[in-house]
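Worksheet: one structure, shown below.
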Amino acid sequence: MTSPESCAGIVTHIREHVPGEKGQVMEYLIDMEHHYTAHPCQKAISDVIASLAVLSFSQTEFQTFVSRVQNPDLIVEAVLASVRSLLDERDGTAAESALSYILPYAEHPDEEGGKYRSFRDFIEYAYYITYVTPEQDFTVHPYLNCDILLQSGRLAALKGEKNRARAIFTSLSVLSPVNDSILFARADFCREEGNLDEFRNLTIHCFEYAWKPEDLAHAYRNMGYYLIETGDYTGAVTCYLMGTTWEDSTETARELAYIKEKSQIELDVSYILSHGREILDERNIPFGPNPKIIDLMVTYADECKQDGDFFEARRYLSRAKALELSDSLEREIEVIERFIEDNTIF
């Protein structure tokens, strides 16, 4: 196995040996990308190469560079990751500059007849064809393109270009229909406009499609906000506390303090904790993750084990456990990890 220190050493070496002559930088970075293709540190190396490419090249030169590397998607994904981080930090100027380098790779497919769909992960695809539209015929479109468009919508929203952002998110909801990231973006618009009914409707869909712990937690926080706005403080506290099961958030502490101040009553947290399912059931709010998502992950993991792909099996069982917090899944993961340790040569 390659240690993080070894990866850091390679990254440092690449940075320190960038040619001073601008005309030589492209060939150097292409040589480095080719040399380290399939290396265990490839992602870290692609990240630094992409960063250097954006710093060194014009947008046209960047496209030429990407056309010549062995793994163009890794380079584009590295720039995309930096765009996401910059938008999270609300640095619109830097995000817009970085995004301009990868927008040419955000082709939107022809949606005539609704034949194209895009998914963040296999589990979204599996859920869509199993429970949403099992009879529909469609072609899977690469999600990388969709993600770039999503970040362009986030940038438009940050810049106050609400109509453009809304149009992008609405279009992406058709292309990637079980994608919580897009649904959360649409819900944010509903929150700003005071459209609480649609905000709740979108949040319920987020519960249904959530396969990441942070998405499930986000859905509970959204529902907590909705319940505050409707004056249901017991329900709101229950949702915020439920969200902490899957992700800690500074928003939760802030909103709980706000509820206490606004309601001017001392909520019985111990009662809420012991009657959480009952409280949520009364409000038609899901309690915990969608069991269909869990079943799909476990079923797929079993298929991977039968095919001998124990790494993939472990990955999906770990995802299921992160949602369901199951001891039985934990034991199953431990069995797979022991098998991998005993039968894999590193």
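By convention here, the first residue in the shown sequence is residue 1.
Contact record, Gly276 with Phe287: C-CE1, 3.9 Å, taken as the closest heavy-atom pair. For Arg200 against Asn284, the heavy-atom pair with the smallest separation is NH2-O, 3.5 Å. Nearest approach of Leu149 to Ala106, heavy atoms of both residues: CD2-O, 3.7 Å. Across Glu61 and Ser56, no two heavy atoms sit closer than the pair OE1-O, 4.2 Å. Residue Leu317 comes nearest to Ala301 through the heavy atom pair CG-CB, 3.6 Å, listed as atom of the first residue, atom of the second, then distance. Closest heavy-atom contact between Tyr143 and Ser176: CE1-OG, 4.1 Å.
Using the six-membered ring where Trp is involved, His141 and Tyr116 have ring planes that are perpendicular, over 60° apart on the 30 and 60° scheme. Ring geometry for Phe65 against Phe62 counts as tilted: the plane angle lies between 30° and 60°, on a 0 to 90° scale. In this pair, Tyr220 and Phe207 present their aromatic rings perpendicular. The plane angle is above 60°, beyond the 30 to 60° band. Between Tyr271 and His275, the two ring planes are parallel [angle under 30°; tilted spans 30° to 60°]. Ring geometry for Phe184 versus His218: interplanar angle under 30°, hence parallel rather than tilted (30 to 60°).
A donor-acceptor pair under 3.5 Å links the side-chain atoms of Ser67 to the main chain of Thr64, judged by distance alone. Looking only at distances, a side-chain donor or acceptor of Thr203 sits under 3.5 Å from a matching main-chain atom of Phe199. Looking only at distances, no side-chain donor or acceptor of Thr252 sits under 3.5 Å from a matching main-chain atom of Asp248. Under the 3.5 Å distance criterion, the side-chain polar atoms of Ser85 are matched with a main-chain donor or acceptor of Ala81. Of the possible donor and acceptor atoms, one in the side chain of His17 sits under 3.5 Å from a partner among the backbone N and O of His13.
For the atom pair NZ (Lys43) and SG (Cys41), the distance works out to 12.0 Å, reported to the nearest 0.5 Å. Taken to the nearest 0.5 Å, the CD atom of Glu278 stands 9.5 Å off from the CZ atom of Arg283. Distance OH/Tyr233 to CD/Gln264: 10.0 Å, rounded to 0.5 Å. Between the CZ atom of Arg166 and the CZ atom of Arg186 there is a distance of 10.5 Å, given to the nearest 0.5 Å. Rounding to the nearest 0.5 Å gives a distance of 7.5 Å between CZ of Phe169 and OG of Ser152. If you take CG on Leu175 and CD1 on Ile168, they are separated by 12.5 Å, rounding to the nearest 0.5 Å.
For the pair Ile14/Leu52, a side-chain contact is recorded, criterion being any heavy-atom separation below 4.5 Å from C-beta on. In this structure, the side chains of Leu144 and Glu77 come closer than 4.5 Å at one or more pairs of heavy atoms. Annotation: side chain of Ser46 is not in contact with side chain of Asn71 (no heavy-atom distance under 4.5 Å). Looking only at side-chain heavy atoms (C-beta outward), Asp137 and Lys115 stay at 4.5 Å or farther from each other. No side-chain heavy atom of Leu280 sits under 4.5 Å from any side-chain heavy atom of Met223. Between Lys305 and Glu332 the shortest side-chain heavy-atom distance falls below 4.5 Å. In this structure the side chain of Tyr127 reaches within 4.5 angstrom of the side chain of Asn290, judged on heavy atoms. Residues Ile228 and Thr230 form no side-chain contact, since every pair of their non-hydrogen atoms from C-beta on lies 4.5 Å or further apart.
Between Glu27 and Arg68 there is a salt bridge, since a side-chain N of the basic residue sits under 4.0 Å from a carboxylate O of the acidic one. The pair Glu193-Lys162 fails the salt-bridge criterion, with no side-chain N (NZ, NE, NH1 or NH2) lying under 4.0 Å from an Asp/Glu carboxylate O. Residues Asp180 and Lys212 are not paired through a salt bridge, judged by the lack of any N-O separation under 4.0 Å between the basic side chain and the carboxylate. Between Glu334 and Arg331 there is no salt bridge, since no side-chain N of the basic residue sits under 4.0 Å from a carboxylate O of the acidic one. Contact check on Asp88 versus Arg154 returns a salt bridge, with a Lys/Arg side-chain nitrogen under 4.0 Å from an Asp/Glu carboxylate oxygen. Between Arg319 and Asp121, at least one side-chain nitrogen of the basic residue sits less than 4.0 Å from a carboxylate oxygen of the acidic one, meeting the salt-bridge criterion.
A ring-centre distance under 6.0 Å is not found for Tyr225 and Tyr240.
Each of Ile75, Val66, Leu80, Val79 was compared with Tyr105 under the side-chain contact (heavy atoms from CB on, under 4.5 Å) criterion, and only Val66 meets it.
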**Q.** Stepwise salt bridge (charged side-chain N to carboxylate O under 4.0 Å, His left out) check, Glu341 with Arg338
**A.** CA-CA 5 Å; Glu341 290 173 3; Arg338 284 198 297 270; over 6 Å; no
Q) How far apart are the C-alpha atoms of Leu256 and Leu241, what are their side-chain angles, what is the distance that settles it, and do they pass the side chain to side chain contact (heavy atoms under 4.5 Å, CB included) test? A) CA-CA 9 Å; Leu256 290 176; Leu241 293 177; 4.1 Å; yes
Q. Hey, mind stepping through Val335 and Ile333 against side chain to side chain contact (heavy atoms under 4.5 Å, CB included) and telling me if it holds?
A. CA-CA 5 Å; Val335 170; Ile333 292 166; over 6 Å; no
**Q.** Evaluation steps, side chain to side chain contact (heavy atoms under 4.5 Å, CB included), between Trp211 and Leu216
**A.** CA-CA 7 Å; Trp211 55 273; Leu216 185 57; over 6 Å; no
Q: Before giving the answer on side chain to side chain contact (heavy atoms under 4.5 Å, CB included), spell out for Tyr316 and Phe122 the whole-Å C-alpha distance, their side-chain angles and the decisive distance to 0.1 Å.
A: CA-CA 10 Å; Tyr316 278 89; Phe122 169 77; 3.6 Å; yes
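Criterion: ILVMFWY side-chain heavy atoms under 4.5 Å apart, direct or through other members. Under it, Leu29 and Leu74 are not part of a common hydrophobic cluster. Side-chain heavy atoms closer than 4.5 Å link hydrophobic residues (I, L, V, M, F, W, Y) into clusters, and following such links, possibly through other members, connects Phe311 to Tyr300. Under a hydrophobic clustering in which Ile, Leu, Val, Met, Phe, Trp and Tyr are joined whenever their side-chain heavy atoms come within less than 4.5 Å, directly or via other members, Leu86 and Ile102 fall into different clusters.
Side-chain contact annotation: Asp302 with Gln306, donor-acceptor N/O pair under 3.5 Å absent. In summary, the side chains of Ser328 and Ser326 do present a donor paired with an acceptor at a separation below 3.5 Å, with no hydrogens or angles considered.
Applying the 6.0 Å contact sphere to OH of Tyr131 captures more than 12 heavy atoms from other residues, nucleotides or ligands.
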